[in-house]
Amino acid sequence: MNAKTVLPAVGMTAVSMVLTLAVVVMWLGTAMPWPVAVVVGLGIDGGWLATLAYERRLAAQGDHSTPVTAVGWSFGLIATGVLIAHALTEESAGAWLAVAWLPIAAKALWLVHGLWERTALTGEALDAIQGIQQEARDEAAVARARLRAEASTEETRLTAVTQAGARVAHVQARTADTLSKAWSTLESAREGEDTGRALTSVTTRVTPGVTPRWELPVWGPTEPVSAFALESAGALTDEALDALVDQIRHSETPALSYREMASRFRTAGHSASEVRLRAAWKRVAA
């Protein structure tokens, strides 16, 4: 794995050193003996190699020295400066300037290699990290699938409950409409002008002297009253019945309806026929 970064750094360093030595020999060889120029070039390359070797030794020990690093970069900058100065004195300056960056590039590659080494992990650690990441992805996928399934189930349940509630409401509305129509029909028949005469003409032949009165049925719970209770209870006068009905009717705010008043009247132990009780209600409520 280290070859991915160390080989480019070694190759770039070798090329830049050869180029630096060649440039120093060609450039300074005209002004001084070439052995001297070779020594100058080898001095630059040697200082660079020495600092690079010391940096690598410290890196292998897990240490770092800022002065050594600064010296190494100084040799790199010197080599780059030599190449740039040589390029400026040549006619084809562009070609020489194109390779003047090689020493700096070599130092940058060694920096990348050092970062690689400091962050490199073993195969076991990489496998463990991949396993942890895969496990986290699996758990996230399972959680997302569970949430989607729960959301779909809840949506189905709410749809079913809503539809059932709509059906119940429809049935209740239809039943209430039917009951209201039936009650309206009964009320119309009861309040009709010819209802009493028609019932009288039918019942007088069976029970002479009796004039029946047709009352609407009362919806609600009823309790049977024994004959003994009816006989023992004293009959209330119309005035007393009116006062009692009015008292029960206004015992709460707003005033009670007839059904509530009648239920409380019976519960309190009072007795009166439905005909008299309804007549008293009409007199009080009028």
Side-chain angles (χ1 to χ4, degrees), residues 1-8 59 62 108-109 111-192 214-226 245-270 274 277-278 281-282 284-285:
M1 297 297 291
N2 291 336
K4 293 182 178 180
T5 55
V6 71
L7 290 180
L109 288 177
L111 178 61
V112 172
H113 177 64
L115 294 175
W116 176 282
E117 288 182 330
R118 285 197 296 269
T119 58
L121 299 176
T122 61
E124 292 78 3
L126 292 175
D127 292 340
I129 291 174
Q130 291 178 358
I132 293 173
Q133 291 176 344
Q134 185 62 46
E135 184 179 356
R137 287 193 295 268
D138 294 342
E139 292 179 355
V142 172
R144 287 194 299 269
R146 182 178 293 108
L147 288 176
R148 284 195 295 268
E150 291 178 355
S152 178
T153 303
E154 185 66 16
E155 183 180 1
T156 303
R157 188 185 68 82
L158 290 177
T159 301
V161 171
T162 303
Q163 292 177 352
R167 288 194 297 269
V168 171
H170 179 69
V171 172
Q172 290 178 344
R174 189 170 54 191
T175 303
D177 182 66
T178 303
L179 289 176
S180 64
K181 290 179 180 179
W183 186 263
S184 176
T185 302
L186 288 175
E187 183 69 18
S188 299
R190 177 179 175 275
E191 298 296 335
W214 181 27
E215 296 292 340
L216 290 176
V218 178
W219 294 347
T222 59
E223 297 181 359
V225 180
S226 62
V245 168
D246 184 66
Q247 179 182 357
I248 296 175
R249 177 173 178 266
H250 290 91
S251 61
E252 292 186 7
T253 303
L256 299 177
S257 63
Y258 173 76
R259 296 176 186 175
E260 295 173 340
M261 184 280 300
S263 176
R264 297 196 180 189
F265 181 86
R266 308 291 184 191
T267 304
H270 304 293
E274 186 67 23
L277 189 61
R278 185 174 290 275
W281 170 267
K282 288 183 178 181
V284 172

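The side-chain hydrogen bond (donor to acceptor under 3.5 Å, both in side chains) search around His250 returns Asp246, not counting sequence neighbours. By the side-chain hydrogen bond (donor to acceptor under 3.5 Å, both in side chains) test, Arg146 is found to be paired with no residue, residues two or more places apart in sequence or in another chain being considered. With sequence neighbours excluded, the residues that form a side-chain hydrogen bond (donor to acceptor under 3.5 Å, both in side chains) with Arg157 are Glu154.
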Inset, instruction - Evaluate side-chain contact (heavy atoms from CB on, under 4.5 Å) for Asp138 paired with Gln134, printing each intermediate quantity in order. - result: CA-CA 6 Å; Asp138 294 342; Gln134 185 62 46; 3.0 Å; yes
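Panel note: side chain Ser180, backbone Ala176; a donor-acceptor pair is recorded below 3.5 Å. Looking at Ser263, its side chain never comes within 3.5 Å of a backbone N or O of Glu260 through a donor-acceptor pair.
Atom CZ of Arg264 and atom OG1 of Thr267 lie 9.0 Å apart (nearest 0.5 Å). For the atom pair Ser251 OG and Gln247 CD, the distance stands at 8.0 Å (nearest 0.5 Å). Between Trp281 atom CH2 and Leu256 atom CG the span is 7.0 Å, to the nearest 0.5 Å. Distance check: Glu155 CD to Thr162 OG1 gives 10.5 Å after rounding to the nearest 0.5 Å. In this structure, CD1 on Ile132 lies 11.0 Å from CG on Asp127, to the nearest 0.5 angstrom.
Taking each heavy atom of Glu274 and Arg266 in turn, the nearest pair found is OE1-NH2, 3.3 Å. Residues Val245 and Val284 come closest through the heavy atom pair CG1-CG2, 4.4 Å.
Ring-plane geometry between His270 and Phe265 is classed as tilted, the angle between the planes lying from 30 to 60 degrees on a 0 to 90 degree scale.
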